[in-house]
Amino acid sequence: MTAKIIDGKAFAATIREKVAGHVARLKEEHGITPGLAVVLVGEDPASQVYVRSKGKQTVEVGMNSFEHKLDADTSEADLLALIDTLNKDDSVHGILVQLPLPKHLDEDLVINSISPEKDVDGFHISNVGLLGTGQKSMVPCTPLGSLMMLRDHHGSLSGMNAVVIGRSNIVGKPMAQLLLGDSCTVTIAHSRTKDLAEVVRRADIVVAAVGRPEMVPGDWIKEGATVIDVGINRIERDGKNVLVGDVDFASAKEVAGAITPVPGGVGPMTIACLLANTVTACCRSNDLSEPEGLTA
Ligand code: NDP
């Protein structure tokens with residue numbers, strides 16, 4: 001079997017189109033322009049690239065983009081004061097603090113100072129609790145994008161065996177909650193899991209979020225399974241810098257029923273879902289009906 005390649009780039013474009021349509025309606029019918037504020041502390045090169053890309057795509061769908069670039073030695077008090085200002089600003093519907101933060105800043109404290117309604121990354125403890133109890137919340141972007149791709153491919157996920165490899169707060173845990181919410185039987189695997197190969201072989205759905213290049217070989221994958229590869233790993237191959245996932249794409253695509261490539265799979269969905277979350281947050285804060293198909 002050769003797997004269907006799930007095209008995250010094309011899917012993300014359809015999400016952005018839906019978002020743009022909704023933004024246009026919000027402007028026309030209600031005179032509201034959704035706004036996303038992104039806060040970057042320091043000069044981490046990868047973070048700078050992400051922030052630039054987020055700002056560009058925010059403007060492209062017709063939303064306002066507010067970028068706040070702070071020095072690496074910004075004090076916690078100053079950062080919290082900025083977040084407080086953004087929390088109170090009615091033109092800002094979504095706030096994202098780019099992670100990781102410099103070591104002297106307490107990430108949990110900073111994230112939990114964002115108003116939960118504006119927490120478009122879905123990392124605030126209130127949103128984590130709401131998601132865990134099956135209530136309406138802001139959902140972390142990468143797991144949300146992964147779920148959208150799975151729903152698009154399968155329709156219903158009910159009753160499927162899903163294995164999530166990785167238990168981070170950003171990807172693994174919320175992904176598992178979302179799959180549970182869609183009535184999958186969910187196993188969360190991690191670095192202490194015994195016989196990971198056997199665990200993965202039972203899965204109809206495999207979500208790999210580990211951060212280890214090509215760790216999951218094709219012979220761990222059940223025939224016909226759907227593989228969502230969240231990993232983004234930069235390696236050197238044949239003298240070139242290349243991006244690879246956590247799954248060995250070449251061998252896995254021979255066994256899987258469907259698979260996301262790296263790059264061009266989950267990656268593009270993450271920013272698309274950030275834009276979707278911002279529109280959702282804007283609608284909720286204005287008591288307007290939410291766009292369909294853009295939330296979990
Ligand atoms: P973390 O490092 O926070 O978590 C990695 C998880 O993998 C941990 O739970 C760890 O287990 C587990 N793990 C490590 N080694 C093994 C192993 N040998 N076997 C089984 N499990 C293992 O990473 P993130 O969740 O933040 O990110 C994971 C990957 O996803 C990275 O490559 C990252 O770049 C990528 N990513 C991609 C995004 C996108 O937009 N596509 C967005 C976010 C992340 P333990 O808890 O026991 O240590």
Side-chain angles (χ1 to χ4, degrees), residues 5-13 15-16 38 44-47 49-54 57 96-101 107-108 111 120-123 128 131 138-150 162-179 186-203 206-217 219-221 227-235 241-249 252 259-277:
I5 309 300
I6 299 176
D7 185 346
K9 210 171 157 191
F11 196 9
I15 301 290
R16 286 196 302 273
V38 176
D44 177 67
S47 294
V49 173
Y50 288 137
V51 167
R52 211 172 306 134
S53 185
K54 284 167 185 171
Q57 293 192 33
L96 179 148
V97 176
Q98 185 66 42
L99 301 178
L101 287 172
E107 255 175 35
D108 287 338
I111 296 303
V120 281
D121 251 345
F123 297 157
V128 175
L131 178 63
M138 294 310 302
V139 178
C141 304
T142 301
L144 178 59
S146 303
L147 181 77
M148 284 181 180
M149 289 196 284
L150 284 167
V163 169
V164 180
I165 319 175
R167 55 175 164 180
S168 72
N169 292 336
I170 292 174
V171 189
K173 283 182 198 155
M175 187 73 239
Q177 296 284 7
L178 288 172
L179 291 166
V186 183
T187 303
I188 306 176
H190 45 78
S191 66
R192 309 294 169 89
T193 297
K194 288 189 183 138
D195 204 353
L196 183 59
E198 272 315 303
V199 172
V200 174
R201 276 188 198 113
R202 291 199 294 269
V206 180
V207 180
V210 184
R212 289 181 177 248
E214 300 173 331
M215 190 194 89
V216 179
D219 68 0
W220 289 14
I221 306 291
V227 179
I228 303 291
D229 190 351
V230 179
I232 302 177
N233 308 289
R234 200 170 288 279
I235 62 163
N241 265 322
V242 291
L243 286 185
V244 297
D246 291 339
V247 176
D248 176 33
F249 184 78
I259 186 167
T260 59
V262 177
V266 177
M269 289 298 287
T270 298
I271 299 186
C273 287
L274 173 69
L275 305 176
N277 277 349

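Computed over heavy atoms, backbone and side chain alike; hydrogens, waters and symmetry mates excluded. Throughout, residue positions are numbered sequentially from 1 according to the sequence presented. Not measured: the values here are computed from a predicted model. Note that ligands are numbered from 1 as they come in the structure, with each ligand's atoms numbered from 1 the same way.
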Donor-acceptor under 3.5 Å (Arg201 side chain, Asp219 main chain): yes
Nearest neighbour of atom 11 (O) of ligand 1 from the list Pro263, Gly211, Ser191, Pro213, on a heavy-atom basis: Ser191
Sidechain-backbone polar pair: Asp248 side chain, Val216 backbone, donor-acceptor under 3.5 Å: no
Stepwise side-chain contact (heavy atoms from CB on, under 4.5 Å) test for Asp246 and Val230: CA-CA 7 Å; Asp246 291 339; Val230 179; 5.6 Å; no
Proximal candidate to atom 23 (O) of ligand 1 [heavy atom criterion; set Val210, Val171, Ile170]: Val210
Given Val266, Thr270, Ile6, Leu178, the one that forms side-chain contact (heavy atoms from CB on, under 4.5 Å) with Ser146: Val266
Contact atoms of ligand 1, heavy-atom distance to Val266 under 4.0 Å: 41 (N)
Sub-4.0 Å atoms of ligand 1 with respect to non-hydrogen atoms of Arg212: 14 (C), 15 (N), 16 (C), 18 (N)
Numbered atoms of ligand 1 (with element) below 4.0 Å of Gly267, judged on heavy atoms: 41 (N)
Within-4.5 Å side-chain heavy-atom neighbours: Leu275 and Ile15: no
N/O donor-acceptor pair under 3.5 Å between Ser53 side chain and Tyr50 backbone: no
Nearest-contact summary for atom 21 (N) of ligand 1 - protein heavy atom, Å: His190 C, 3.1 Å
Donor-acceptor pair, side chain of Glu214 and main chain of Val244, under 3.5 angstrom: no
Stepwise side-chain contact (heavy atoms from CB on, under 4.5 Å) test for Asn277 and Leu144: CA-CA 10 Å; Asn277 277 349; Leu144 178 59; 3.6 Å; yes
For Thr270, the ligand 1 atoms whose distance to one of its heavy atoms is below 4.0 Å: 39 (C), 40 (O)
Verdict with supporting geometry, Phe123 and Leu99, side-chain contact (heavy atoms from CB on, under 4.5 Å): CA-CA 11 Å; Phe123 297 157; Leu99 301 178; 4.1 Å; yes
Nearest neighbour in protein (non-hydrogen) for atom 9 (O) of ligand 1: Arg167 N, 2.8 Å
Donor-acceptor pair, side chain of Thr260 and main chain of Asp229, under 3.5 angstrom: yes
Minimum-distance protein heavy atom relative to atom 34 (O) of ligand 1: Ile232 O, 3.5 Å
Option set Pro140, Pro174, Ser168, Pro268, criterion heavy-atom distance to atom 1 (P) of ligand 1, minimum: Ser168
Minimum-distance protein heavy atom relative to atom 17 (C) of ligand 1: Met215 SD, 3.8 Å
Working for side-chain contact (heavy atoms from CB on, under 4.5 Å), residues Leu179 and Val164: CA-CA 9 Å; Leu179 291 166; Val164 180; 3.7 Å; yes
Check: Gly172 N/O within less than 3.5 Å of ligand 1 N/O: no
Gly166: numbered ligand 1 atoms lying under 4.0 Å from its heavy atoms: 6 (C), 7 (O), 9 (O)
Thr142 touching ligand 1 at heavy-atom level, < 4.0 angstrom: yes
Contact (N/O only, under 3.5 Å) between Asp246 and ligand 1: no
Under 4.0 Å to a heavy atom of Val230 - the qualifying atoms of ligand 1, by number: 30 (O), 35 (C), 36 (N), 37 (C), 41 (N)
Any Ala189 heavy atom less than 4.0 Å from ligand 1: no
